[in-house]
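In what follows, chains are A, B, ... by sequence order, proteins preceding strands, each numbered from 1.
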Amino acid sequence: MINITLKDGKVLEFEQPVKVEDVAKQISMGLYKNALAGKINGEVVDLTTEIDKDSNLEILAFEDEGGKHALRHTASHILAQAVKRLYPEVKLAIGPSIENGFYYDIDADFSITPEMLVDIEKEMDKIVKENLPLEKFVKPRNEAIEYEKSKNEDYKVELIEDLPEDEIISFYKQGEFTDLCAGPHVPTTGKVKAFKLLNLAGAYWRGSEKNKMLQRIYGTAFSKKSDLDEYLKMLEEAKKRDHRKIGKELELFSLHEEGPGFPFFHPKGMVIRNILEDYWRREHVKAGYKEIKTPIILNEELWHQSGHWDHYKENMYFTKIDEADYAIKPMNCPGGILVYKNQMHSYRELPIRMGELGLVHRHEASGALHGLMRVRSFTQDDAHIFMMPSQIKDEVLGVIKLTDKIYKLFGFEYNVELSTRPENSMGRDEDWEHATESLREALEAADLPYKINEGDGAFYGPKIDFHLKDCIGRTWQCGTIQLDFQMPERFDLTYIAEDGEKHRPVMVHRTVLGSIERFMGILIEQYAGAFPVWLAPVQVKLLPVTDRANEYAKELQEKLEESDIRVGLDLRNEKIGYKIRESQLEKVPYMIILGDKEVEARNVAIRSKKDGDLGTMEFDAFLSKMKEENDKRISNL
RNA sequence: GCUUCAUUAGCUCAGUUGGUAGAGCAACUGAUUCGUAAUCAGUAGGUCAGCAGUUCAAGUCUGCUAUGAAGCUCCA
């Protein structure tokens, strides 16, 4: 007798081992017809897995991670099978499911073209229609190696060879196709009701650029056609928010062949940028920061001392002044350190929080450049905090809270990662351990969920990173908090403690926005260009219906400008409908329509971008409404 | 940097099997003074990214370079 406990606590009894799908069918009619996988005692398994002892069982449908995983994983096998049918000579690498779909890496000695993808999709359709059952079988490791060798699948052989001697290797078979695989899968290929191949890309075997580059086919799969359509539509919509597209349409910034990765900011982009910086300054003054500005070009010797020469040279730009070698700063820390070192410091002063909107240049790989998100010259909203070791936790916690507050203002959700010691790093093990532990404690104290990113820290210390999402779900590192025991050592930083002796301070490097450029990219995508009133480059646009209202419009323009409202005036001889259309496309939050009626009554007709016609009101009433919206972020603080 | 793909007017895009470029919007000029998402007419605008090659002939075919896109690698 086997007892199977379901998620809702119900217990089912079976005489003999049953398959997950049998249970799914039995629990209730229809309810689990979309079952795609099971979860036995916490482990995701195929629907065909036998349950042979008492277990907790959960049936996973497409809504569950495990269900999606099984479906998409099967889709990737169908992709591989189709490719093998059409091009038997190719070698298969790996084909996992990923967040929104799946891919398969293929080694072919010809280029896979978009036209071929169409053929492959057709073949996949056939395989789905054939409704082939997926059958699991196992082989001991050595037999498994021989088996894959006989199929000429070199990559599979390499994968198995990396597994322990006594490992039992599982395979899945669907029709004539078998693949090394740990599962889980849906029971038959027919379950994959809706799929689409999306794009082609190169990808290094095992993710190392030292290895061969394979061809990767990306796709996505759903259990219903309507879900697939919805997803594709969502992708289309998301692309309309792309900051590169909106930045051009709204004349915020531009990029030119003459300076790849060096963005040009236009007047409207500068308005947003300046407001953002003002806001940043205000917040930082309140949080106890002092602002500094340090030079962009500094003597090369400084970079030897900081360790950047040894660890970051490849990404730096260099220049000469007279006969001496100089470097363009890729980071602001040495500048901040020189300011600190310029005088003696008492423990009474600590922590010293020194902020800098610092322009840095980094030689990023050409293929890594991406709009404003990844550039070669950018302004970090940097700050360096010098403190006693006992202050670490509180200071880090303070930065976490400041970051959270600022991100919340924009409605961002974010992921946090803790990155630990990388291979190419400097410093003592015990310092690294202490630093990493301090960051961990601060994260725990802030009650923030975080992911550990092994070996991804800076060369001088571990870090906490804040990642924000762009319009299609790619994440970008923005805020960062980096603990550093090395630079204070290298630059012999000191403070005089209570005991009258020199002591070594600890240093934190941190950014909240990350870079102004990247943050603006994220902002543009977050709002799809329709910025909140306080950030909008033009907040109000005055639209006279005929030139009889021009004088009145100019009068109002002056009054609005006096109150620091950013105002636009459209005096062109165009129809009002046309002027409204353009202002709407410019995403101006408010329009003031001025015709004979308004001139006569000395009032204003308001139209909001969001809500349309708001009717007429007194000008003063509108003005105080604008002032109020403008101050929203301030009262928010 | 790597793989694949792309680059035609300021912008968005057409351009058949190779036979030396076209639309809409924008700009400019004129008319129109009009009430909540495009008034009408006209004018001007292009070494088809650049350089080389194949050809009687190249926007179209080939190679190189630059830039861009997707992904990989990198991102201290």
Side-chain angles (χ1 to χ4, degrees), chain A residues 98 103 105 108 111-114 116-117 198-218 239 242 244-245 248-249 251 254-261 306-308 310-316 330-331 333 360 362-371 373-376 419 422 424-426 456-463 465 472 474 476-477 480 482 484 486-487 509 514 518 543-550 572-586 591-598 605-609 612-615:
Chain A
I98 51 175
Y103 67 79
D105 282 348
S111 294
I112 299 172
T113 62
M116 290 164 143
L117 284 193
L198 295 173
N199 40 37
L200 280 162
Y204 297 108
W205 166 237
R206 300 201 137 183
S208 166
E209 64 180 330
K210 294 192 183 75
N211 293 336
K212 184 168 182 185
M213 182 158 273
L214 310 173
Q215 300 185 67
R216 176 172 294 179
I217 300 175
Y218 281 94
K239 276 186 194 147
D242 191 313
R244 293 165 297 188
K245 183 175 153 64
K248 192 187 273 180
E249 285 167 358
E251 297 167 31
S254 60
L255 287 156
H256 301 265
E257 225 175 278
E258 289 81 352
S306 68
H308 286 86
D310 291 334
H311 295 91
Y312 204 63
K313 194 173 46 188
E314 305 309 313
N315 276 314
M316 291 171 66
M331 291 177 210
C333 30
V360 296
R362 297 182 184 178
H363 181 226
E364 302 289 354
S366 57
L369 302 179
H370 184 99
M373 303 294 202
R374 189 87 178 263
V375 290
R376 285 177 172 159
S419 297
N424 180 16
S425 60
M426 54 195 200
D456 211 30
F459 68 84
Y460 45 74
K463 57 177 186 168
D465 291 333
I472 59 170
R474 290 174 292 212
W476 299 90
Q477 182 198 308
T480 182
Q482 311 182 347
D484 183 356
Q486 323 305 330
M487 298 270 174
H509 312 242
R518 178 176 289 182
L543 308 178
V545 178
T546 70
D547 54 19
R548 289 190 296 279
N550 285 1
R572 292 175 308 168
N573 176 13
E574 294 289 353
K575 287 189 158 177
I576 191 65
Y578 181 76
K579 293 184 181 182
I580 289 171
R581 177 185 156 79
E582 284 208 335
S583 301
Q584 193 75 20
L585 293 175
E586 268 177 59
M591 297 169 224
I592 299 184
I593 319 286
L594 299 170
D596 291 340
K597 278 185 281 179
E598 287 74 24
I606 306 298
R607 186 190 158 101
S608 104
K609 184 196 173 297
D613 195 352
L614 298 185

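- Among the atoms of the strands shown, only primed sugar atoms or phosphate atoms (P, OP1, OP2) are found under 4.0 Å from some heavy atom of Tyr218(A).
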Report summary line: For RNA chain B, the dot-bracket notation using Watson-Crick and G-U wobble pairs below 3.5 Å, [ ] for pseudoknot-type crossings and | for other-strand pairs, is (((((((..((((.....[..)))).(((((.......))))).....(((((..]....))))))))))))....
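- Listed candidates were G68(B), U36(B), A66(B). Nearest to the side chain of Ile593(A) is U36(B).
- By the 4.0 Å N-to-carboxylate-O rule, Glu249(A) lies too far from Arg244(A) to be salt-bridged with it.
- Residue Lys210(A) has no polar side-chain atom (N or O) positioned under 4.0 Å from OP1 or OP2 of C2(B).
- Between U39(B) and G22(B), the distance separating the two P atoms is 28 Å to the nearest Å.
- The salt bridge (charged side-chain N to carboxylate O under 4.0 Å, His left out) test applied to Arg216(A) returns Asp105(A), not counting sequence neighbours.
- Nucleotides C48(B) and G18(B) have their C1' atoms positioned 15 Å apart, rounded to a whole Å.
- Looking at heavy-atom distances under 4.0 Å, Leu255(A) makes no contact with the nucleic acid at all.
- For Arg548(A) and U33(B), a side-chain-to-base donor-acceptor distance below 3.5 Å is absent, hydrogens and geometry of angles not being considered.
- Residue contacts shown for Lys597(A) include a base, since a base heavy atom lies under 4.0 Å away.
- Separating the CG atom of Leu198(A) from the P atom of A70(B) is a distance of 14 Å, rounded to the nearest angstrom.
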Requested in this report: For Val375(A) and Leu369(A), run side chain to side chain contact (heavy atoms under 4.5 Å, CB included): C-alpha distance rounded to whole Å, both residues' side-chain angles, the deciding distance at 0.1 Å, then the answer.
Outcome: CA-CA 6 Å; Val375(A) 290; Leu369(A) 302 179; 5.6 Å; no
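- If you check distances only, the side chain of Arg374(A) does reach the base of C74(B) with a donor-acceptor pair under 3.5 Å.
- At a threshold of 4.0 angstrom between heavy atoms, the contacts of Arg474(A) are confined to the sugar-phosphate backbone, with no base atom among them.
- If you measure from atom CD of Glu598(A) to atom P of U36(B), you get 12 Å, rounded to the nearest angstrom.
- In this structure, Leu117(A) places its CG atom 13 Å from C1' of A70(B), rounding to the nearest Å.
- Picking from U12(B), U36(B), U67(B) the nucleotide with the shortest atom distance to the side chain of Asp613(A) gives U36(B).
- Rounded to whole Å, the P atom of A6(B) lies 13 Å from the corresponding atom of A14(B).
- Looking at heavy-atom distances under 4.0 Å, Asp547(A) makes contact with a base.
- What separates CG of Asp105(A) from P of U3(B) is a distance of 16 Å, to the nearest Å.
- Regarding Lys575(A), its NZ atom lies at a distance of 17 Å from the P atom of A31(B), rounded to whole Å.
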Is there any protein nitrogen or oxygen under 3.5 Å from a nitrogen or oxygen in nucleotides 26-29 of chain B, and what are the pairs?
{"from": "A26(B)", "atom 1": "OP1", "to": "Tyr578(A)", "atom 2": "OH", "distance (Å)": "2.7"}

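- With both ends at atom P, the span from U67(B) to U29(B) equals 38 Å, rounded to whole Å.
- Each of Lys609(A) and Asp465(A) lies near RNA chain B, and the nucleotide nearest Lys609(A) is the one positioned closer to the 5' end.
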Requested in this report: Before giving the answer on side chain to side chain contact (heavy atoms under 4.5 Å, CB included), spell out for Arg374(A) and Arg518(A) the whole-Å C-alpha distance, their side-chain angles and the decisive distance to 0.1 Å.
Outcome: CA-CA 7 Å; Arg374(A) 189 87 178 263; Arg518(A) 178 176 289 182; 3.7 Å; yes
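- Ile580(A) comes within 4.0 angstrom of a base, heavy atoms only.
- Residue Gly367(A) is in base contact, counting any heavy-atom pair closer than 4.0 Å across all strands shown.
- Only the C1' atoms considered, A9(B) is 11 Å distant from A23(B), to the nearest whole Å.
- Nucleic acid contact class of Gly207(A) (heavy atoms, under 4.0 Å, all strands): sugar-phosphate only.
- When distances are taken from the side chain of Lys248(A) to each of U12(B), G1(B), U36(B), the shortest belongs to U12(B).
- Here the C1' atom of nucleotide C75(B) and the CD atom of Gln482(A) are 11 Å apart, to the nearest Å.
- Proximity note for Pro260(A) (side chain, C-beta onward) versus G68(B), U33(B), U39(B): the nearest is G68(B).
- Taking atom NE2 of His308(A) as the reference point, atom P of C75(B) lies 14 Å away to the nearest angstrom.
- Of the two residues contacting RNA chain B, namely Tyr204(A) and Lys313(A), the nearest-nucleotide position lying further toward the 5' end is that of Tyr204(A).
- Using atom P as the reference point in both U65(B) and C2(B), the two lie 9 Å apart (nearest Å).
- For His370(A), the side-chain atoms get nearest to A70(B) when compared with the rest of A38(B), C34(B), A70(B).
- The interatomic distance linking Lys212(A) (NZ) with G1(B) (P) rounds to 22 Å, in whole Å.
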Query raised in the report: Do Arg362(A) and Arg376(A) pass the side chain to side chain contact (heavy atoms under 4.5 Å, CB included) test, and can you show the C-alpha distance, the side-chain angles, and the key distance before you say yes or no?
Result: CA-CA 5 Å; Arg362(A) 297 182 184 178; Arg376(A) 285 177 172 159; 6.0 Å; no
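- Asp596(A) comes within 4.0 angstrom of a nucleotide base, judged by non-hydrogen atoms across all strands.
- Partners of Tyr312(A) by ring pair (Phe, Tyr, Trp, His ring centres under 6.0 Å), not counting sequence neighbours: none found.
- Remark: side-chain polar atoms of Lys609(A) are not paired, donor with acceptor, to backbone N or O of Met591(A) under 3.5 angstrom.
- Contact check, Arg216(A) against U3(B): no side-chain N or O comes under 4.0 Å of OP1 or OP2.
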Protein N or O to nucleotides 40-43 of chain B N or O, pairs below 3.5 Å:
none

Under 3.5 Å, which protein N or O atoms sit close to an N or O of nucleotides 4-10 of chain B? Give each pair with its distance.
{"from": "U4(B)", "atom 1": "OP1", "to": "Ser111(A)", "atom 2": "OG", "distance (Å)": "3.4"}

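- Among the nucleotides A69(B), C72(B), G35(B), the one closest to the side chain of Met213(A) is C72(B).
- Here, A26(B) and U20(B) have their C1' atoms 28 Å apart, quoted to the whole Å.
- Using P as the reference atom, C61(B) and G42(B) are 36 Å apart when rounded to the nearest Å.
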